Amino acid sequence: MRRAYKGGEDDLAERRPAPPRLVATDLDGTIVRSDGAISARTVRALARVERAGSILVMVTGRPPRWMHDVAAAVGHRGVAICANGAVLYDLHTETVVRTRLIEPPVLAEVVRRLRTVDGELRFAVEYPDGFVFEERFRPGRWDAESMGGRAVDDRTLVSRGCTKLLALHPDAHPDHLAERVHRAVGDLVTVTHSSGRGLMEMSALGVTKATALAELCAEHGVTAEEVVAFGDMPNDLPMLSWAGTSYAVANAHPAVLDVVTHRTARNDDDGVAQVLERLFPDG
């Protein structure tokens, strides 16, 4: 009687799907827990990506000045796309590689239009190296000289090219406000949001997490089909739609849950780590 051939480890390795060449993940609400921490389990899972020879990219709405703690937590691994695509940031060296700015004339026109749309909107401007805001903005935990923030007058607010314009409404629903802001200035800037309050985030026209990630992938010869992306909020939608494989954490915005190819557990339950442990089993 002839026995069936069961194959050895080499055969198993051949049959095992290759891991993704690039992993892109949002931070807040995705791998950052509700308490603001990144768990040890998630840090270990992220480390598997680079050890396997793949590229690790943090893709976030955060500005570079918020990235020091993240870089330290993940052992200065990978690169980051910050400010919703406007900044490429090297986590190994904590330096800005390139930027995509909203130029001053466009910035001034956007602020002018939005002031006429709703007088309750308050503005702040992000730079690669700091931020400014008008007095009414009340930036709360951002309001610290050590983080580069300062209050300025209207003219100064729009005098310098920026990576991101923020417009805060004290009580508007973010989804509804986003529609109004897009109708008013969507021909000048890219409008999105990433929190549960009425805080709009605007980048240069056409700049999104997806465009920045696609540019980085092209430089490394990586196709969209070789990318796995994770996210939770509307500012992640372009990236999740572009990537060949996309995951939403269970706590994601309904619009995000509708477009992804897969779902995983909540950020507080290390949903991203659970997936990476399966994708990179030899970590």
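Since we're looking at a predicted model, the values are computed, not measured.
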**Message:** Is it the case that over 12 heavy atoms from other parts of the model lie below 6.0 angstrom from the NE2 atom of H68?
**Reply:** no
**Asked** Looking at E277 and R44, does any basic side-chain N land under 4.0 Å from a carboxylate oxygen?
**Response** no
**Asked** For the atom pair CG (D26) and OG (S194), what is the distance rounded to the nearest 0.5 Å?
**Response** 8.0 Å
**Item:** Note: D129-R160 ion pair, threshold 4.0 Å (strictly below)
**Value:** yes
**Item:** Nearest-0.5 Å distance that lies between atom CZ in R197 and atom CG in L177
**Value:** 12.0 Å
**Item:** Any donor-acceptor pair under 3.5 Å from H220 side chain to V222 backbone
**Value:** no
**Request:** Please assess L165 against L107 for the test side chain to side chain contact (heavy atoms under 4.5 Å, CB included), listing each intermediate value before the final yes or no.
**Result:** CA-CA 8 Å; L165 170 66; L107 179 62; 3.9 Å; yes
**Request:** Let me see the working for H169 and H176 under side chain to side chain contact (heavy atoms under 4.5 Å, CB included), right down to the final yes or no.
**Result:** CA-CA 11 Å; H169 195 286; H176 301 158; over 6 Å; no
**Asked** Is it true that a side-chain atom of T245 and a backbone atom of V228 form a donor plus acceptor pair closer than 3.5 Å?
**Response** no
**Item:** E134 with R115: basic N within carboxylate O range, under 4.0 Å
**Value:** yes
**Asked** Is the NZ or CZ atom of R51 both under 6.0 Å from the centre of the six-membered ring of F280 and within 45° of that ring's axis?
**Response** no
**Asked** So, R48 and E50, do they make that salt bridge, N to O below 4.0 Å?
**Response** no
**Prompt:** Are R112 and L114 close enough that some pair of their side-chain heavy atoms sits under 4.5 Å apart?
**Reply:** no
**Item:** In one Ile/Leu/Val/Met/Phe/Trp/Tyr side-chain cluster, 4.5 Å: F133, L199
**Value:** yes
**Main-chain N/O of D269 paired with Q274 side-chain donor or acceptor, under 3.5 Å** = yes
**Message:** Within the 3.5 Å criterion, strictly below it, is a donor on S39 or T42 matched to an acceptor on the partner's side chain?
**Reply:** yes
**Request:** Give the intermediate values and the outcome of salt bridge (charged side-chain N to carboxylate O under 4.0 Å, His left out) for residues R98 and E219.
**Result:** CA-CA 14 Å; R98 61 172 171 258; E219 292 170 354; 3.0 Å; yes
**Message:** Measuring only between side-chain heavy atoms, which start at C-beta, is V249 closer than 4.5 Å to T264?
**Reply:** yes
**Message:** Between V158 and L188, is there shared hydrophobic-cluster membership here, with clusters defined by ILVMFWY side-chain heavy atoms closer than 4.5 Å?
**Reply:** yes
**Asked** Where do A37 and D35 come nearest, in terms of heavy atoms and distance?
**Response** N-OD1, 3.0 Å
**Prompt:** Are side-chain heavy atoms of M202 and V181 found at a separation under 4.5 Å?
**Reply:** yes
**Item:** Test item: L157 and V132 side chains (from C-beta on) under 4.5 Å apart, heavy atoms
**Value:** yes
**Asked** Taking atom types as modelled and ignoring hydrogens, do the side chains of N267 and T30 form a donor-acceptor contact shorter than 3.5 angstrom?
**Response** no
**Asked** Are Y247 and V260 close enough that some pair of their side-chain heavy atoms sits under 4.5 Å apart?
**Response** no
**Item:** hydrophobic_cluster_shared for L213 and L56, side chain cutoff 4.5 Å
**Value:** no
**Asked** Is there a donor-acceptor contact under 3.5 Å from the side chain of S54 to the main chain of P20?
**Response** yes
**Side-chain donor/acceptor of Y89 to backbone N/O of E94, under 3.5 Å** = yes
**Request:** For the pair H193 and H253, name the ring-plane relationship: parallel under 30°, tilted 30 to 60°, perpendicular over 60°.
**Result:** perpendicular
**Message:** Could you go through T163 and S203, starting from their C-alpha distance and side-chain angles, then the distance that decides it, and tell me whether this counts as side chain to side chain contact (heavy atoms under 4.5 Å, CB included)?
**Reply:** CA-CA 6 Å; T163 53; S203 305; over 6 Å; no
**Asked** So do the side chains of R33 and I38 get within less than 4.5 Å of each other, counting heavy atoms only?
**Response** no
**Asked** In Å, rounded to the nearest 0.5 Å, how long is the span from OG of S246 to NE2 of H262?
**Response** 8.0 Å
**Request:** Measure across C162 and V125 and return the closest heavy-atom pair with its distance rounded to 0.1 Å.
**Result:** CB-CG1, 3.1 Å
**Prompt:** Within the distance-only criterion (no hydrogens, no angle test), does the side chain of T99 pair as donor or acceptor with the backbone N or O of L101 below 3.5 angstrom?
**Reply:** no
**Prompt:** Can you find a heavy atom in the side chain of R21 that is under 4.5 Å from one in the side chain of I55?
**Reply:** no
**Message:** Quick one: does any side-chain atom of T211 pair with a main-chain N or O of T208 as donor and acceptor, under 3.5 Å?
**Reply:** yes
**Asked** Same cluster for M233 and L237 if Ile/Leu/Val/Met/Phe/Trp/Tyr side chains link at under 4.5 Å?
**Response** no
**Request:** Give a yes or no answer on whether the side chain of K209 reaches the backbone of V59 with a donor-acceptor pair at less than 3.5 Å.
**Result:** yes
**Spacing of E201 atom CD and S195 atom OG [to the nearest 0.5 Å]** = 7.0 Å
**Prompt:** Can you name the closest pair of heavy atoms from A248 and V256 and give their distance?
**Reply:** CB-CG1, 3.7 Å
**Prompt:** Does D270 use its side chain to pair, donor to acceptor, with the backbone of A273 at less than 3.5 Å?
**Reply:** no
**Prompt:** Distance-only, no hydrogens or angles: does the N235 side chain make a donor-acceptor pair with backbone N or O of N84 under 3.5 Å?
**Reply:** no
**Item:** Spatial distance of atom CG (D90) from atom CE (M67) [nearest 0.5 Å]
**Value:** 11.0 Å
**Request:** Check L46 against I31 and note the closest heavy-atom contact, atom names and distance.
**Result:** CD1-CD1, 4.1 Å
**Ionic contact status for R113 with D187, cut-off 4.0 Å** = yes
**Request:** Any chance you could lay out the salt bridge (charged side-chain N to carboxylate O under 4.0 Å, His left out) test for E126 and K164, step after step, and finish with the verdict?
**Result:** CA-CA 5 Å; E126 287 280 4; K164 186 162 65 171; 5.8 Å; no
**Request:** Please report the closest heavy-atom contact between L121 and A167, naming both atoms and the distance.
**Result:** CD2-CB, 4.3 Å
**Asked** Does any non-hydrogen side-chain atom of P63 lie less than 4.5 Å from one of C82?
**Response** no
**Prompt:** Can you name the one residue among L88, L216, V227, V23 that meets side chain to side chain contact (heavy atoms under 4.5 Å, CB included) with V57?
**Reply:** L216
**Request:** Following the transitive rule for hydrophobic clusters with a side-chain heavy-atom cut-off under 4.5 Å over Ile, Leu, Val, Met, Phe, Trp and Tyr, establish whether W242 and V207 coincide in one cluster.
**Result:** no
**Message:** Is there a side chain to side chain contact (heavy atoms under 4.5 Å, CB included) between R62 and V70? Walk through the geometry before answering.
**Reply:** CA-CA 11 Å; R62 290 188 182 199; V70 173; 3.3 Å; yes
**Fill in**
Closest heavy-atom pair, R77 versus L91, reported as atoms and distance to 0.1 Å, is O-CD1, 3.2 Å
